Amino acid sequence: MYRKILIANRGEIACRIARTLRQMDIAAATVHSTVDAQSLHVQEIGESVWIGDAPARQSYLNIDAVIAAAQRVGADAVHPGFGFLSENADFARRCAEAGLTFIGPSPEVLTLFGDKAQAKQLAQRLGIVTAGGLDEPSDDVGTLLRALSPLPRPCILKAVAGGGGKGMRVLREGDDARAAIEAAIREGRSAFGDGRLIAERYLGGPRHIEVQILGDGRGQVMHLWDRECSLQRRFQKVVEEAPATSISQALRERLQAQAVALGQAVNYLGLGTVEFAVSGEEAVFLEVNPRLQVEHTVTESVTGLDLVALQIRTVHDGYLPLSEAERPEPRGVAVQVRLYAE
């Protein structure tokens, strides 16, 4: 097992990962920016390396600084948590080059699922229903206007490298398509350095259902049940529930099977979440988040599993630490609420 893991993150998620590492008897270290020098994660974890000033690009997104910190503390692995560098294929690649294990999928899988258009194409090849529309992303306004013209309203624009609701615009009857496209391109470039968009039909009032998966990197993938994250504000999740209580058992099993098939197709390693939009018994694939999710705790609450421990053991050992027969059935319902300061 790993001797020491650098947690390349801050705040509650860094503290949460450190708690599991203590239980696994693995030493932990972390990183901090100038303004976080006295923050909770630094105080709780105890060993932390300063990696730059407050702006994330100068600290938590600085790949050179994070890798240097891991080497300085003698870590043999890096856990990225969520956000920041957790889905950065270049970071995963640089970790490998430095002799550090990245606790997550391969750089190739991060690249695939980090591009919504590529992920949608994979789903289509597997026979999984998607929202149609423009397959190849573009930041050309004319191309996007032509792609939108045959789509019924409402439809949606999405930044191909997006997340957290950034670079997304819903177009309804009478909306100015050109203005929406230009705004989404600007937001995508500002937030992700990539202004390319995809366009697809929009399901009005859908439920947002996601399936937790765990893979061994060699084609063995299992699901760890499902969650519902339908209550959102500006495309950002506010209330999360496990398991999803609003869908039929037949639909639940179909979504679980599709999520596992996506993971098997790419030899998925570690934890990931496959997301769907559901309306009645109709479901369309949305995306794969190739990392630990904020809402993983509700799955832990109803299963008794420590998902971070499973993630670390699977990446280290190269095989699943429990069989499907050993996978606990969900007991009860757990709800997580996020507090937003606007």
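Start at 1 with the first residue, then count along the sequence. Source: prediction; values computed, not measured.
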Can you check whether [X] reaches [Y] side chain to side chain, under 4.5 Å on heavy atoms?
X	Y	value
N9	T30	no
L112	L122	yes
F276	V211	yes
L320	M222	yes
M24	R313	yes
L171	L151	no
V298	E241	no
H41	H32	yes

Return the minimal non-hydrogen interatomic distance between [X] and [Y], and the atom names on each side.
X	Y	answer
G215	T314	O-CG2, 3.1 Å
G81	I13	CA-CG1, 4.2 Å
H223	V260	N-CG2, 3.8 Å
L197	A184	CD1-CB, 3.7 Å
I45	A28	CG2-O, 3.8 Å
E275	E210	OE2-OE1, 3.2 Å

Looking at [Y], is its backbone amide N or carbonyl O close enough to the side chain of [X] to form a donor-acceptor pair, meaning the two atoms are under 3.5 Å apart?
X	Y	value
T34	G52	yes
E300	L307	yes
E326	S323	yes

State whether a side-chain donor-acceptor pair under 3.5 Å links [X] with [Y].
X	Y	answer
T20	D306	yes
H208	Q232	yes
Q249	R252	yes
Q212	D226	no
E200	T130	no
R186	S190	no
E228	T245	no

Run the side-chain donor-acceptor check on residues 261-272: report pairs under 3.5 Å with partners two or more places apart or on a different chain.
residue	atom	partner	partner atom	Å
N267	OD1	G219	N	3.2
Y268	OH	L271	O	2.6

For this session: Please lay out, stage by stage, how E173 and R153 fare under the test salt bridge (charged side-chain N to carboxylate O under 4.0 Å, His left out).
Result: CA-CA 6 Å; E173 289 293 344; R153 297 295 192 267; 5.6 Å; no
Exercise. Do you know which of R338, Q293, R227 makes side-chain hydrogen bond (donor to acceptor under 3.5 Å, both in side chains) with E240?
Worked result: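 Going through R338, Q293, R227 one by one, the side-chain hydrogen bond (donor to acceptor under 3.5 Å, both in side chains) with E240 is satisfied by R338 alone.
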Problem set entry | Stepwise side chain to side chain contact (heavy atoms under 4.5 Å, CB included) test for V278 and L255 | CA-CA 10 Å; V278 172; L255 297 184; 4.1 Å; yes
Exercise. Does a salt bridge link E44 with R16, judged by any charged N lying under 4.0 Å from a carboxylate O?
Worked result: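 Between R16 and E44 there is no salt bridge, as every charged N stays at least 4.0 Å from the carboxylate O atoms.
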Exercise. Quick one: does NZ or CZ of R327 land under 6.0 Å from the six-membered ring centre of W225, within 45 degrees of the ring axis?
Worked result: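 Yes.
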Is the [atom1] atom of [X] crowded by more than 12 outside heavy atoms at less than 6.0 Å?
X	atom1	result
R19	CZ	yes
K4	NZ	yes
E97	CD	yes
D176	CG	yes

For this session: Report the C-alpha distance between R169 and D175 in whole Å, list the side-chain angles of each, state the deciding distance to 0.1 Å, and finish with yes or no for salt bridge (charged side-chain N to carboxylate O under 4.0 Å, His left out).
Result: CA-CA 10 Å; R169 292 292 186 280; D175 287 349; over 6 Å; no
Exercise. What's the verdict on side chain to side chain contact (heavy atoms under 4.5 Å, CB included) for L6 and V31, showing C-alpha distance, side-chain angles and the deciding distance?
Worked result: CA-CA 8 Å; L6 180 84; V31 293; 4.0 Å; yes
Problem set entry | K166/E187 under salt bridge (charged side-chain N to carboxylate O under 4.0 Å, His left out): CA gap, chis, key distance, verdict | CA-CA 7 Å; K166 291 184 170 57; E187 198 167 280; over 6 Å; no
For this session: Show the numbers, then the answer: is there a side chain to side chain contact (heavy atoms under 4.5 Å, CB included) between Y2 and H316?
Result: CA-CA 8 Å; Y2 305 115; H316 179 272; 3.6 Å; yes
For this session: In sequence, state the C-alpha distance, the side-chain angles, and the governing distance for L40 and C15, and then conclude on side chain to side chain contact (heavy atoms under 4.5 Å, CB included).
Result: CA-CA 8 Å; L40 179 64; C15 296; 3.9 Å; yes
